[in-house]
Amino acid sequence: MFYIDVLGIVAFSISGVLIALEKKMDLFGILIIAFVTAVGGGTLRDLLIGHTPVSWMQNITISYIILGTTVATILFRSKINYLRTSLFLFDTIGISIYTMAGIELGIEAKLHPLICIALGTMTASFGGVIRDILCNEIPVIFRKEIYATACILGGVTYFILLQFPIQDNWVFIISSAIVVLIRLLAVKFKISLPRLYTEEFEQ
Amino acid sequence: MFYIDVLGIVAFSISGVLIALEKKMDLFGILIIAFVTAVGGGTLRDLLIGHTPVSWMQNITISYIILGTTVATILFRSKINYLRTSLFLFDTIGISIYTMAGIELGIEAKLHPLICIALGTMTASFGGVIRDILCNEIPVIFRKEIYATACILGGVTYFILLQFPIQDNWVFIISSAIVVLIRLLAVKFKISLPRLYTEEFEQ
Amino acid sequence: MFYIDVLGIVAFSISGVLIALEKKMDLFGILIIAFVTAVGGGTLRDLLIGHTPVSWMQNITISYIILGTTVATILFRSKINYLRTSLFLFDTIGISIYTMAGIELGIEAKLHPLICIALGTMTASFGGVIRDILCNEIPVIFRKEIYATACILGGVTYFILLQFPIQDNWVFIISSAIVVLIRLLAVKFKISLPRLYTEEFEQ
């Protein structure tokens, strides 16, 4: 499963580098934002369940991948637009893998299925949230796009499939595919959650 | 004691939903802000003392209460103004209970009384701080209102009462009442901590 | 080593008080910002490696130092400009000590040298990052000044020296001196990391 995991780390790092460049940060700032985007969700998850030292501290390969990706993204930043579609795909696969990784750690810690799904969604999405906070933006996830929703529905699928006599690997693969599918469809058809702000609410 | 605890969760969730609506977040964003406001302080407390998995992960009822409150607040958001007084009361009771819960966990972990009071104050106030950070505001608690001060004085009361032969339950109840009283008086008489900014300080 | 440690706590607390005053916070806000600036980095480090309750909760002296420094800084805030040079020196010494403390805890937890250096750099710099986030600013460390770079190079020095038959105390002292030296030189000669933002990158 590790090879697919790498896709997520790479895609998340690149998205961090791009936003940090826009914010005119220096080399160190860019590296931190890339790092936080890639491992922030998993770190929050590890802290909440008490799984310390947190994962990226115990596996130096993760740091190397982020470092390499950051350098490459900076060097080829003018060409990055040609990769938009691949990046979006990597990112989507990354989210789905991160979600399932979070869910499985929750199950190991014997947490309630709903809490496991929350943990998976956090793993997938909080890297981006911390990135946006560090860049002084309202986290984009709170404002548009079906992103967390895809993770949540993938998580629900996971627990439904667990009720059936299906092999664990397949449960993982099918649920991940659901996350990918929902996000692709949502972006293609421009579906997003309704904003609940209404004129009448304004003072 | 659990029934009173619910008041705090409900009041904190509602305050989260209201600010998220103002910020034009989508359904997912609103839910997260409600959640963070309600359990953020307790989560920080649990992390700092190493009490993991954190409390809300071990008690699914908390999630149900927040979810229910969020849905109800969204549905009846145009009517919420009629409840301002009750909400303020719930919020104040919530703060006092959260403070005492934090203090008692600190005592269990054999921490210094001052650290216990800090822990109680954090439990009561950091949900609001994280809410404000996620909404890209300077946390309101740093700028106005006697809020933390009420928690701190309630905590001091707690440790003073512990010196006397009073039953534990009464120590809890009297200290909580002090928190409630100070906050109500402060709001009624518009008392707030002095700002220390002065013209001469400006360059 | 403890006496030198105090310099860092004092310098970091003062920098927190000064920025909180500029942001027109009240007494409580100022105290929190001072506290967070002084112990935020160490707290993050303790959480990531699972060293709980975190350090400042187990050593009440730290709280007293921060409290005393905050009160003194507020009282003498109009005179603080005369101390700019001493403060900068305290701050620099503080950073170097914090870096080495983080590295040594990482080694104790048997982490990879690169992770230890990251941990040391975090200990030294994340107090300031959290301070800036709470004050609703893009963390200054991401935008200018050789600060983290000094910590990282000091950390690299530490691990290089470990390869030689040098006494532990001297490894600590020489590496700390490297951090101090690099930062002083960088400020004197106005060296900073290149910003990688270029016009062509803009849409």
Side-chain angles (χ1 to χ4, degrees), chain A residues 43-52 54 102 105-119 121-122 125-126 128-130 132-153 186 191-203, chain B residues 16-36 39-40 42-64 66-67 70-71 73-81 129-139:
Chain A
T43 300
L44 179 67
R45 175 201 64 208
D46 290 343
L47 291 178
L48 292 176
I49 61 174
H51 182 273
T52 53
V54 299
L105 275 171
I107 291 175
E108 245 175 65
K110 298 190 200 314
L111 301 172
H112 188 283
L114 282 184
I115 301 296
C116 294
I117 294 173
L119 208 54
T121 306
M122 254 182 241
S125 62
F126 260 71
V129 170
I130 307 176
D132 292 342
I133 293 172
L134 287 178
C135 293
N136 204 6
E137 306 263 348
I138 292 189
V140 68
I141 195 176
F142 296 164
R143 283 173 302 146
K144 48 180 183 184
E145 209 198 313
I146 301 277
Y147 183 111
T149 313
C151 302
I152 293 168
L153 295 177
I191 302 165
S192 69
L193 287 186
R195 279 195 205 164
L196 296 160
Y197 174 87
T198 52
E199 295 307 314
E200 67 176 311
F201 182 73
E202 228 164 358
Q203 281 84 335
Chain B
V17 172
L18 295 182
I19 195 169
L21 282 169
E22 267 172 48
K23 290 282 171 176
K24 310 189 184 184
M25 292 186 180
D26 67 19
L27 191 56
F28 176 73
I30 294 171
L31 190 59
I32 294 295
I33 299 293
F35 216 92
V36 156
V39 305
T43 300
L44 179 67
R45 176 201 64 209
D46 289 343
L47 291 178
L48 290 176
I49 61 174
H51 183 272
T52 53
V54 299
S55 311
W56 63 267
M57 290 196 152
Q58 304 200 41
N59 180 355
I60 190 72
T61 316
I62 296 174
S63 300
Y64 290 146
I66 298 173
L67 196 62
T70 301
V71 171
T73 308
I74 290 172
L75 289 179
F76 301 110
R77 64 187 179 282
S78 60
K79 312 275 187 294
I80 211 88
N81 260 310
V129 170
I130 307 177
R131 174 198 65 204
D132 292 342
I133 293 172
L134 287 179
C135 293
N136 204 7
E137 306 262 347
I138 292 190

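Keep in mind it's a predicted model, so treat the numbers as computed, not measured. FYI, side chains are in, hydrogens and waters are out, and symmetry mates aren't considered; it's all heavy atoms of this structure. A note on names: the letters A, B, ... follow the listed sequences, proteins ahead of strands, and every chain is numbered from 1.
- Distance check: A:Ser125 OG to B:Phe28 CZ gives 5.0 Å after rounding to the nearest 0.5 Å.
- A distance of 7.5 Å separates CD1 of A:Ile152 from CG of B:Leu31, quoted to the nearest 0.5 Å.
- The nearest pair of heavy atoms linking B:Trp56 to A:Ile115 is O-CD1, 3.7 Å.
- If you tally non-hydrogen atom pairs under 4.5 Å between each of B:Thr43, B:Leu47, B:Thr52 and chain A, the highest count goes to B:Thr52.
- Residue B:Met57 comes nearest to A:Leu111 through the heavy atom pair O-CD2, 3.6 Å, listed as atom of the first residue, atom of the second, then distance.
- Note that CD1 of B:Ile32 is 7.0 Å distant from CE of A:Met122, once rounded to the nearest 0.5 Å.
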Go through A:Ile133 and B:Leu134 one step at a time and tell me if the side chain to side chain contact (heavy atoms under 4.5 Å, CB included) criterion holds.
CA-CA 7 Å; A:Ile133 293 172; B:Leu134 287 179; 3.3 Å; yes

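- Atom CG in B:Leu67 sits 8.5 Å away from atom CG in A:Leu114 (nearest 0.5 Å).
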